[in-house]
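Whatever order the structure lists them in is the order used to number ligands and atoms, beginning at 1. Numbers here simply count residues along the sequence, with the first being 1.
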Amino acid sequence: MKKQMFRERECIHREEGADGDFYNGVFYLQALQRLRVDDAVKMASKVTSFFWSDAPQILVWLCDDCAADLRLSDTPRAVTASGRRQA
Ligand SMILES: [Zn+2]
């Protein structure tokens with residue numbers, strides 16, 4: 001059985017101690033694509049970039065503000081199978 005590896009990305013506010021959650025990379029991209037182009041560019045500049053083709057293996061940590069900008073509040077939060085967090 002192939003073990004799925006998740007990689008994590010995060011918005012710039014995590015270091016400041018903001019509250020937030022992990023979201024599936026696919027949901028993040030879908031939300032990004034719903035924004036106007038200039039808003040999407042602004043938003044993407046706040047999150048560590050990754051190849052879009054990798055999105056299914058990416059967990060994106062977003063603070064509550066960034067999640068609200070992306071209107072991700074209705075989106076199911078990312079659930080990792082193991083629930084394991086790397087420090
Ligand atoms: Zn943020």
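- Partners of Asp38 under the salt bridge (Lys or Arg N to Asp or Glu O under 4.0 Å) rule, at least two apart in sequence or in another chain, are Arg36.
- Between the CG atom of Leu62 and the CG atom of Asp21 there is a distance of 9.0 Å, given to the nearest 0.5 Å.
- Residues Ile58 and Phe51 are not in side-chain contact: their nearest non-hydrogen atoms beyond the backbone lie 4.5 Å or more apart.
- Residues in residues 46-61 take part in these salt bridge (charged side-chain N to carboxylate O under 4.0 Å, His left out) pairs, two or more places apart or across chains: Arg7-Asp54, Lys46-Asp69.
- Side-chain contact between Glu8 and Trp61 is absent, with no heavy-atom pair separated by less than 4.5 Å.
- Protein N/O/S atoms found under 2.8 Å from the Zn ion (ligand 1), listed by chain and residue number: Cys11 SG, His13 ND1, Cys63 SG, Cys66 SG.
- Val37 shares a hydrophobic cluster with Val41; the chain of contacts runs through ILVMFWY side chains whose heavy atoms sit under 4.5 Å apart.
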